[in-house]
Amino acid sequence: MALGLESASALSSTARNAKVIASNAARDKRRNVLIDAISRPLSIIAFFVAWLAITLFNNNVHQMYNPMLIPTPIEVVEAIIRMAQSGDLFNDIVASMYRVFMGFLFAAVIGVAAGVGISKSRALSNVIEPLIEMFRPIPSLAFLPMLILWFGIGETSKIVFVAYAAFYPILSATILGMMQIDPVLIRAAQSMGASKRDIFLHVELPAVSPSIFSGLKLGFATSFFVIVAAEYVAATSGLGYEISNSRTYFDIPTMIAAAAVIGALGYLINVALTALERRLLRWNPKYNGN
Amino acid sequence: MTVAVDNVTKIYTSGMVALERVCVDIEDGTFVSLLGPSGCGKSTLLNMIAGFVDKTEGRIQVDGVDVAGPSGERGMVFQEYALFPWLTAIDNVAFGPRINGVGRDERRELAERYLRMVGLQDHAKKYPYELSGGMKQRVSIARALANKPSILLMDEPFGALDAHTREIMQDELLEIWAQEKKTVIFVTHSVSEAVFLSDRVVLMEANPGRVEHIFDIDLPRPRDRSSDGFAAIERDIHRRMRHR
């Protein structure tokens, strides 16, 4: 009886200990979250404060450089508001995003199809891969002036350019993903009577989808990156055009404003893509904190 | 379904003789283990029966028909589970019926039945990464069975599990086998696992891979791992292994 009581109390003390440990862990986690929430925005806040302080000091106390060269953050915000009110902001965003999405779409379709084809067919790989390897090291920007001569300064040249630049990361990720498919999954499907077509549709495509998604994200980032350059050279609209056009008027606040809008758009789209990725690939332990 | 392995030799391009003139006959509905050390070619033989690996010489027939490649009638359970990570447990089990054109309602019912058979009806909606090793292997067995193969091939299916889970899985497998009455070919390197499960144990040896001896296990079922008869057979097999 005494023994029974003792072991019962030992048990409850173990349970109590477990509870204490769990609640400590939860408290540590909460504290870490709090520390992160406070410390992470610090550098960004410091950056804007420093920017404001330096420009205000330069403009009002002691001039160290021509105030036109570095506007205050307030002037940049004013420039954004001005662009928004005139309707330029909306038009520029639409123009740039149209080119990015169209180019990206072509790159995605062609990149994934070529990646799968190269992985599946030795003949295709022998024919196409050397060609791709020849062109890959040439920065895509090198082709931009030629593309403008070939396709004019309309939308086509920019869409082709974006598609070309975004094609490579999508292609590479697809080929890599196809190579990494676990062969035992294919055997498992075969031993259930799967045909080649079944294996492609129901094993290889889902198995390669995380790699394709990383490739698409990378390709999208590339599209975003190159569209600005394309709009410097040959465009009459778009955020890149806005930057290069403002340069001729020495309108630095607008140049910074356009760059900031590009950054914000890129960030938001990446957040959306990551959320989509987590949703579509929720079976992947990578997205579940393991 | 009967399986006839007749004078099968497998020589890899490296010159390594994986199997030399192996003969095994497996009767319908029996539980046969391929037992042996690593390198004896037991997994190679299983993969040849499955149709994944070509033979160099000899003949493998299932019900009198030559094995020409993998087929749904020879279902395989792998040591590494080989579950499709993008499908939930129930969708994994329904995979075979789905690609073989079984209708939505019917395959759902089928998958539920086999998940229940392995005791995982409450985990149907979980993805493989959310399951323990033992649970994954149960799903994998259910998936193979739901496709209604006539032969179940098992390649060291419990090799990655801890000893306790392993014994539970052995008991469950025998219960399922008693219900399903399928021919089972089971690869293992554990003598006691082979003796506990099998009607016949094919003992293999390495360098070159070959059949050393075939033991008929006459112990009544259910078997007691600690009985004298069990120990005697284990001893026989061990003696035969050490003899070499």
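Numbered from 1 within each chain, the chains take letters A, B, ... in sequence-line order.
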- Query: Side chain, backbone, both or neither: which part of B/Leu83 has a non-hydrogen atom closer than 4.5 Å to chain A?
  - Reply: backbone
- Query: Does B/Asp105 pair with B/Arg108 as a salt bridge, N-O distance under 4.0 Å?
  - Reply: no
- Taking heavy atoms only and a threshold strictly under 4.5 Å, list by residue number the residues of residues 30-64 of chain B that touch chain A; give 'none' if the list is empty. B/Asn47, B/Phe52, B/Val53
- Query: Among residues 194-206 of chain A, which ones touch chain B with a heavy-atom distance under 4.5 Å?
  - Reply: A/Ala194, A/Asp198, A/His202, A/Val203, A/Pro206
- Task: For this output row, return yes or no: ring centroids of B/Phe186 and B/Phe158 closer than 6.0 angstrom.
- Result: yes
- Message: With a 4.0 Å cut-off on N to O distance, would you call B/Glu109 and B/Arg113 a salt bridge?
- Response: no
- Query: Just wondering, more than 12 heavy atoms not from B/Glu27 lying within 6.0 Å of its CD?
  - Reply: no
- Looking at A/Val208 and A/Ile181, what are the two nearest heavy atoms and their distance? CB-CD1, 4.5 Å
- Item | Parallel, tilted or perpendicular: rings of A/Tyr164 and A/Phe143 (30°, 60°) | perpendicular
- What one should report as the nearest heavy-atom pair of A/Leu141 and A/Ala229 is CD2-CB, 3.6 Å
- Query: Are A/Phe220 and A/Phe101 close enough that their ring centers fall under 6.0 Å?
  - Reply: yes
- Item | Straight-line distance of B/Asp25 CG to B/Thr2 OG1, nearest 0.5 Å | 8.0 Å
- Part of B/Arg98 lying under 4.5 Å from any heavy atom of chain A: side chain
- Write down the atom of B/Ala146, the atom of B/Pro97, and the distance for their closest heavy-atom approach. O-CG, 3.7 Å
- Message: Between B/Glu112 and B/Gln121, does the side chain to side chain donor-acceptor pair (under 3.5 Å) criterion hold? Intermediate values first, please.
- Response: CA-CA 7 Å; B/Glu112 278 172 355; B/Gln121 61 276 23; over 6 Å; no
- So, the part of B/Pro85 with a heavy atom under 4.5 Å from chain A: the answer is both
